[in-house]
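Proteins get letters first, then strands, A, B, ... in listed order; numbering begins at 1 in each. What you see below is based on every heavy atom in this structure, not just the backbone, and it leaves out hydrogens, waters and symmetry mates.
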Amino acid sequence: MSKRGARGTDGSLLDSLPWTLTALGVAVLVHLPHLPIWISAASIACAVFRLAIEKRRRPLPSVWFRGALALGCFLGVLTTYDTISGVGPGTALLVVMAALKLLETRKRRDQFVLLFIAVFLTMSALLREQYLWSLPYMLLSLVVTLSAWLRMSAAPTQTPRQSVFAATRLMGYALPLAVAMWIFFPRISSPFWSVPIDTSSGVTGLSDTMSPGDVSSLSQSDAVAFRVRFDGAAPAPRERYWRAIVLHRFNGRSWSGSEPALDTRYRDRIRYRGEPVDYEVTLEATRNQWIMALDVAESWSLDNVNMGRTQSLWRQQPVDQRIVYRVRSFPDYTIDETLAGFSRTWYLNLPEGRNPRTLRLAESMRRDAGSDRAFITAVLGKFNREEYFYTLEPPALGRNPVDGFLFSTRQGFCEHYASAFAVLMRAAGIPARIVLGYQGGELNPLGNYLLVRQADAHAWTEVWLEGEGWTRIDPTAAVAPERIEAGRSGAMFAGAGAAWGLTAPSRWRYQLGMTWDALNARWNELVLGYGPEGQQRLMQHLGLNNPGWRTLLLTLLAVVVGLTLAVHGLLMLRFRPPAADQAKQIFERFTRKTGFEPARGESPLAYAARLTEARGRHNQVGDIVSLYLDVRYGGAGEDGLADLRSRVNAFRA
Amino acid sequence: MQNPLSTGTTGSARDALDIARNALNEIILGKEAQVSLALSCLLARGHLLIEDLPGLGKTTLAQALAQVLGLSFNRIQFTSDLLPADILGVSVFRQQTGTFEFQQGPVFAELVLADEVNRATPKAQSALLEAMEEQQVSVDGTTRQLPSPFFVVATQNPADQIGTFPLPESQLDRFLMRIEIGYPDEASERELITGEDRRTLLAGLEATAGPADIVALQRDVRKLRMNEPLVDYIQALVRHTRESPDIAVGLSPRGAQALAAAARAHAYVERHSGVFPDDVQAVFEAVVAHRLKPAANASHHAPQELARHVLSAVAIP
C-alpha cells in the first residue's frame, strides 16, 4: 500500500455518500438493460465496497490497485464491444469509470465529479430512445442528483425532506427556461446535426430473410411498429396490407431478397386505379432501410426514399430514429402487366433436390386443375379443407421444411403457408414471390389512429398472372380467415386466437394499453416530433414568419433573460422573513383588523390596554398580544407562531 | 429557547421574590412601578438613586427592601461635616493587644441607605461612589471586600438648594436608576392616614429570602436572553438620544448596557417569557433620564420629559 492510500477515511462522507450513490443508481437505471451484466455487478460491488470503507474508517485502495482495476475495466469494455466509440460502449465505460471513481472519492470535490457524471448519464439516456416516460424519469433523476448535491452542504439541522424539497424547487425554477429552450432553440434538419443514435443494440422487427419461425417469433411482441393516421376512414382490415420488403430467392429453407436498384421509373410499371388513400405514418426506429406503406404507394413525403422494382420503398439511410411521413396509396392497382423472360425464370427458380414431395404434389395438382386460376383455388382449398392449423407455436421442421409442413406437421404460422404456397406455385410454373410486412393493426378509438405492432408482422405471397400482373394471394386467409378479417387483436378477443396459442388480455387491461399508447402517440407527435417544420408552424402562430436561426437565437436569448428576471422577481416577492419578523407581520395584520393603529413608540402591552379600554375585548386582545410578545421576544418558536397566526385569522374586530 | 424564569434551582428564590414584592406593595401603597423598578435595580446589580421631597417614603422603601429580602441594613445620614472615615470605617489602636484594628464603617452592609447624599461634601460623596463602583474599600493600604449582594440606595432632595453639593453628571451615572416616588393617589393616601403606622408594619415584616437567594437571582437575570428585535429596539433608542437635536449628550455605551441590564431584570421581575419592549420602556426613564444632558435650546428641559419624548419618537422595530 502506498503512503497516501494508507491514510484511513474519517467517516465524514457517511452522511452524503448514500445520497451520491442513490443519484448514480437512478442515473444508471435506464442504461441497465443495455449494459453487460459484468459492468452492473462491478458497479454495485464498488458502491458497497466504498460504503463499507467509509463505515469502518478503512483506508481507500492503493493507487496501483485502482489503476489495475481501471485498466481491466477498460479492456473489458473493449472486449465486450470491440470498440469504445458509440453510445453503448460509451455509456458502459462511463458507468464503470464512475464506479471506480468511487474508490478514490475522498472529498466533497470528488463527489461533485460523481454527481456531474450522474447528470451526464441521465442525459445520455436520450441517445438511446425517447419515450413518454423519459421526461418524468429524467426529472426524477435530476431531482435526486440535486438533492444529493444539497445534502453535501446541508446544515446539520436540515432534514433530507427539506433538501429534496429544495431540489424540487430549484427544478421548478429551471422548468420555464427548459421549455423556452425547447421551443425556441433553432432546429436544423441537416444530418450532421443529428444525434449519434445507439445502433449496437438490436430492435425487434422484420429481417430481410425469412425462415420458418422468423415471423412467428414476433407474434408475441407488443412493441409498436408504426402508427397510422388516415385522412379519411381507415380501409377495412382485409385491405390493410403494409408492404415492407419482397423476397424472391429461395434456397429450400429460407427466402431472401437483395435489393434492387432504386429508380423512380419503377413506379411507372404500376397502373393506379380508383380512389386514393392518404395517411400519415409514424414509424418507430427499425435500423433497416425499408419504409412501410399500404399497398401500393403512389407518392410519399420523404425526400431520400425511392421505390424498388418490387414496389418496396427504400430509404438511403437506415431508419434509426422515429420518423413521420405522409403517403398516398391506391388499393386498386396493377403491377407489371408484362413480365420479361428472364424475370419469369427468376421468379420460378427453385433449388435442386429440396422438398421433392411438394414438387410432385404441385405437378399433379396442376395437371388436375387445368388452369393457373383453378390451381390456385385448389391449393387454397386444400389448406382450407384439409387438417391444416394456424398456430403461433409451430413445431420445428427438418431439412425439407416445406415437405415437413405440408405432409407431416400441418401446423404453421403465416410464413409457413406463404412459403409452401409460393413453392407450390413456382413448381407449377407460376411466378411467385413472398411479401413481408404487416397486416391489420388495431384502431385506437382514443387517438383515432391505427396502431400496428410487431405482432402484426405478416408474410403473404404474390403470383404473376397473365393479364393481371402481380396478384396478392394470402394463403393464411384460407386457413385462418379471422386473422385477416378481424385482425390479430379482434381474433384474440373473438376466441379464435386461443386456438393459435394467443391469450387475450382482460378488457380493462386492453383499454389501459390503448390509452397508454394514445398518450404515447400524442407525445410523439407534439413533443418528440417537434422538428424544424413544427417549429416553423409554431413560430407562425407566434407571429414570426419564417425566422432564420439568428432570429430564433435572439428570441431565445430575450425569452431566457425575460424569464430569468421574472422568476427572480417572483422569488423576491415571496421572500419569507424569519419567524420573529413573521410574527411582526401577523401582528400588523391584527392591528389593521382592530382598526386601532398603535401609536409610534407605543409598546404592545400599552396598546393592548388602550384597545381593551376602547373595545372591551379583553381576553382575545390580551391573549393575542401576549402570544405575539412570547413569539417575537420570548421563546415560543414555530408552534407559537402557528397559534398566533390562527388566532389572528380568527379575530373579528 | 428555554425560559429561565420558570425552571431551575432558583425556583424557590424566584417565588420568594414575588412574596417580597407583594409585601413591599402592602407597605408602600400605590407605588407598584417604583417597587418593581427598585427590585429590578437590585437584581441588575445596580444602585438606586431616589430623588424626591421628604416624607414620601424614600427611607421606608429602602428599609422595607432590606427587611423583606433579609439583607443587613445600615443607614448613613449625609451631612456637610461627614468624613470618608465615617462611611468606610477607621483603624483604631487597641491598648490591650497593642495593634491597630479596623473598625468597619456603615458601608459594610448588604443594603446601605445613603440619606440626603447631596448634603455631604464631594470628598465624602466620592468615598461612597468609589465603594459602589469597586464593591470594595481601601483603608490604610488594605483592600477590604464589601458583602455580596451590595446595594446602595441614595436619596436626594431636589428642593434643597442651599448648602448642598449636587452630584455631578459623571458620578450620577454610577447609579443604574434614578427614580422619583411622587405623591400617592387618593385611595392610597386615605389608607395611609387611617391605617396603621408604617413603622409598626415594618417591624412586623418577615424576611422571605436571604443574601444567597439574591445572588442566585442576580445570576439568573444575566442568563436571560434578548431576541434580535429587542436589541434592535434598544439600539434605535440609543441612536435617537445621540441624534436628537434636543439632547446635547446622548447615551454612552455604558448607558446602553445599563438599559439592557435593567430591562432584563425588569422582565425577570415581571415574569415575562423574554425581554419585551414594555420592559425597556418601563425602565427607560429611570435608567436614562439622569444620563441625558438637554441641549441649550431644547424644547423639553426636564431630562424626564426628554426621556418620555424619546420613547414616543422611536418606533418599535
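Surrounding CD of Glu228(B) are at most 12 heavy atoms belonging to other residues, nucleotides or ligands under 6.0 Å away. In the displayed structure, Tyr183(B) atom OH is contacted under 6.0 Å by at most 12 heavy atoms of other residues, nucleotides or ligands. Remark: Glu191(B) CD is loosely packed, at most 12 non-hydrogen atoms of other residues, nucleotides or ligands lying under 6.0 Å away. Other residues, nucleotides and ligands contribute only 12 or fewer heavy atoms inside 6.0 Å of the CZ atom of Phe116(A). At most 12 heavy atoms of other shown residues, nucleotides or ligands fall within 6.0 angstrom of atom CZ in Arg190(B).
When side chains are defined from C-beta on, Leu605(A) does not count as touching Glu270(B), because their heavy atoms never get closer than 4.5 Å. Side-chain atoms of Ser603(A) and Asp279(B), non-hydrogen and from C-beta on, never get closer than 4.5 Å to each other. The shortest side-chain heavy-atom distance between Ser273(B) and Leu629(A) does not fall under the 4.5 Å cut-off.
Tyr633(A) and Pro229(B) make their closest contact through CE2-CB, 3.8 Å (heavy atoms, listed as atom of the first residue, atom of the second, distance). For Pro604(A) against Ile316(B), the heavy-atom pair with the smallest separation is CD-CD1, 4.1 Å. Nearest heavy atom pair, residue Glu602(A) against residue Gln281(B), reads C-NE2, 4.3 Å.
At a 4.5 Å heavy-atom cutoff, Ala236(B) makes no contact with chain A through either its backbone or its side chain.
Under a 3.5 Å cut-off, the side chain of Arg600(A) and the backbone N or O of Ser312(B) do not form any donor-acceptor pair.
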